[in-house]
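Notes follow once the structure below has been shown.
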Amino acid sequence: MIMGEKKKFKISNYLNYAIIIAFVIVMIIINSTVGLGYSDKSTLPRIAFSCILAVSLNLVVGFLGELSLGHAGFMCVGAYLGCYIANTIRAGGSMPELLTVIIAMIVGGFVAAIFGFIIGLPALRLKGDYLAIATLAFGEIVRCIFKNLKIFGGAMGMSTKLYNGNTLYILAFVVLLVVLFCCQNLINSKHGRAVIAIRDNEIAAKAMGINVTFYKLLIFIVAAFFAGMAGVLYGSTIGTIRQETFSYNYSIEILVMVVLGGMGSINGSMIAAAVITYLNIVLQQQLSGALAPVKNIVYALILIVIVIFSNAPAMKSFREKFNPKKLFRRKPKTPEVAEAIERKDEAKWDRIPTKIDMDEVLSADTRSNYADAPVPPGADVIPMERSKDEMYRPIESGKEEK
């Protein structure tokens, strides 16, 4: 973008906000007229904080390019400490419940961010699987600590007050909008471009003067902060916080949401989080008792089908044909505009034909390169039948070549 040029307003940049707001308005209308069921009132907040977890983890995995398996640990820290602060505030005075939950979310997110700094400072020096193992170990250590602390209820868990079910989902989706706003603006800023540069090539980013350690820690801390806020929302939904919830399997589930939604796609992460959360709840309700183990099998089969559909080469033509961006793309108003768009597409690097075929390059006679080379002064020319290392040979005094 040229300096001084104003950025044009695009409705596509704000379409996700509009969809979330419209969805919340529809739920409010349904709740005020027909009335939402108890299961619906508990499902909607779970979808909201699952989206928050997926979007925040996508900052680390999708945009930063680091594999973290400790996101459930940050959620655990925020849930326990944030809800403990909320219980303390409720016991000490008559503060409004909404303000109490907001303070608890801020405290829970702040404490989770501190843990993110403590863990991220040494762990982000690792790469790939080693970083995943380090963050996984952090999540398991956190669970064991809270399990053995009597002040947080020990193995029985910590009781929390349920927030009003008629307004909890509204609060959860408002928090989701705030998280979405922060994440999108962070990624679209110069700091976000620096993070993407680190993901693409860390060595090149360092060479360009980007502070790699600072940006890695920044993204890790921001993701931990949002995970802590999601933990407080979880505590306000469930009523009793138990450490079994924040196990290794839950971290994997959040990672699955990010992978299915698309690495580096915020909207895709939210869609995948909503679908997987709703799918888990439905299977848990329908398959209970003796059929409970079947839930994991059905859940795994559905995930396999989604992954195959998203990545199988045989489905590529089908995905391109029914791509939503292609289906809802606006058609050019005039033939001149269509021709200009086509010329612009032809300038893409993957559509420019190669000037010289690879066969011609391989079959080229490279000896002509040496034949046309300039002769340095004081050198004796060697015939081309010899190797290129013997092309020039200094003339030794008193000797002549025979």
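In this model, no donor atom of one side chain and acceptor atom of the other lie less than 3.5 Å apart for K161 and N87.
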For this session: List the steps and the verdict of side-chain contact (heavy atoms from CB on, under 4.5 Å) for E66 and I219.
Result: CA-CA 10 Å; E66 300 290 350; I219 294 299; over 6 Å; no
Problem set entry | Test side-chain contact (heavy atoms from CB on, under 4.5 Å) applied to T277 and M257, step by step | CA-CA 9 Å; T277 304; M257 297 174 187; 3.9 Å; yes
For this session: Please test T213 against L124 for side-chain contact (heavy atoms from CB on, under 4.5 Å), starting from the C-alpha separation and ending with a verdict.
Result: CA-CA 8 Å; T213 303; L124 287 175; over 6 Å; no
For this session: Using the side-chain contact (heavy atoms from CB on, under 4.5 Å) rule, take C183 and L59 through it: C-alpha gap first, then chi angles, then the decisive distance, then the call.
Result: CA-CA 8 Å; C183 291; L59 292 177; 3.7 Å; yes
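Separation of atoms CG (L186) and CG (L218) is listed at 6.0 Å; rounding is to 0.5 Å. Expressed to the nearest 0.5 Å, how far CG of N16 lies from CD1 of I21 amounts to 9.5 Å. Note that the CG atom of L149 and the CD atom of Q243 stand 11.5 Å from one another [nearest 0.5 Å]. From I271, atom CD1 reaches atom CD1 of I266 across 12.5 Å, with rounding to the nearest 0.5 Å. In this structure, CE in M158 is found 8.5 Å from CZ in F146, a value given to the nearest 0.5 Å. Rounded to the nearest 0.5 angstrom, S269 OG and I254 CD1 are separated by 11.5 Å.
Scanning both residues, G268 and S265, for their nearest heavy atoms gives N-OG, 3.1 Å. Across T237 and L162, no two heavy atoms sit closer than the pair O-CD2, 3.1 Å. Closest heavy-atom contact between M75 and F246: CG-CE2, 3.8 Å. Considering every non-hydrogen atom in both V142 and G73, the closest pair reads CG1-O, 4.0 Å. For the pair V101 and S236, the tightest heavy-atom approach, listed with the atom from each and the gap, is CG1-OG, 4.2 Å. Taking every heavy atom of both residues into account, V212 and I198 meet most closely at CA-CD1, 3.8 Å.
Between the side chain of T135 and the backbone N or O of A132, at least one donor-acceptor pair lies under 3.5 Å. The closest donor-acceptor contact from the side chain of T160 to the backbone of G235 lies under 3.5 Å. A donor-acceptor pair under 3.5 Å is absent between the side-chain atoms of R242 and the main chain of A155, judged by distance alone.
With a 6.0 Å radius and a threshold of 12 heavy atoms from other residues, nucleotides or ligands, Y17 has its OH atom above the threshold. In the displayed structure, D200 atom CG is contacted under 6.0 Å by more than 12 heavy atoms of other residues, nucleotides or ligands. Within a 6.0 Å sphere centred on OH of Y278, other residues, nucleotides and ligands contribute 12 heavy atoms or fewer. A 6.0 Å sphere centred on CD1 of I203 holds no more than 12 heavy atoms belonging to other residues, nucleotides or ligands. Applying the 6.0 Å contact sphere to OH of Y84 captures no more than 12 heavy atoms from other residues, nucleotides or ligands.
Under the 4.5 Å side-chain criterion, counting only non-hydrogen atoms from C-beta, L233 is not in contact with Y163. Side-chain contact between Y80 and I145 is absent, with no heavy atoms from C-beta onward closer than 4.5 Å. Side-chain contact between M270 and L176 is present, with heavy atoms from C-beta onward closer than 4.5 Å. You'll find the side chain of N164 stays beyond 4.5 Å of the side chain of E97, heavy atoms only. Contact check for M229 versus V178: no side-chain heavy atoms found under the 4.5 Å cut-off. Using a 4.5 Å heavy-atom cutoff, the side chains of I241 and T245 are not in contact. Side-chain contact between L131 and K127: absent, with no pair of heavy atoms (C-beta onward) separated by less than 4.5 Å. By the 4.5 Å heavy-atom criterion applied to side chains, K216 and E202 are counted as neighbours.
Partner Y169 forms a side chain to side chain contact (heavy atoms under 4.5 Å, CB included) with one of V174, T43, D40, N31 and no other, that one being N31.
Taking the six-membered ring for Trp, F173 and F23 have ring centres closer than 6.0 Å. Between F226 and F74, the distance separating the two ring centers is not shorter than 6.0 angstrom.
Below 30°, between 30° and 60°, or above 60°: for F138 and F115 the angle between ring planes is between 30° and 60°, a tilted geometry.
Between E244 and K147 there is no salt bridge, since no side-chain nitrogen of the basic residue lies less than 4.0 Å from a carboxylate oxygen of the acidic one.
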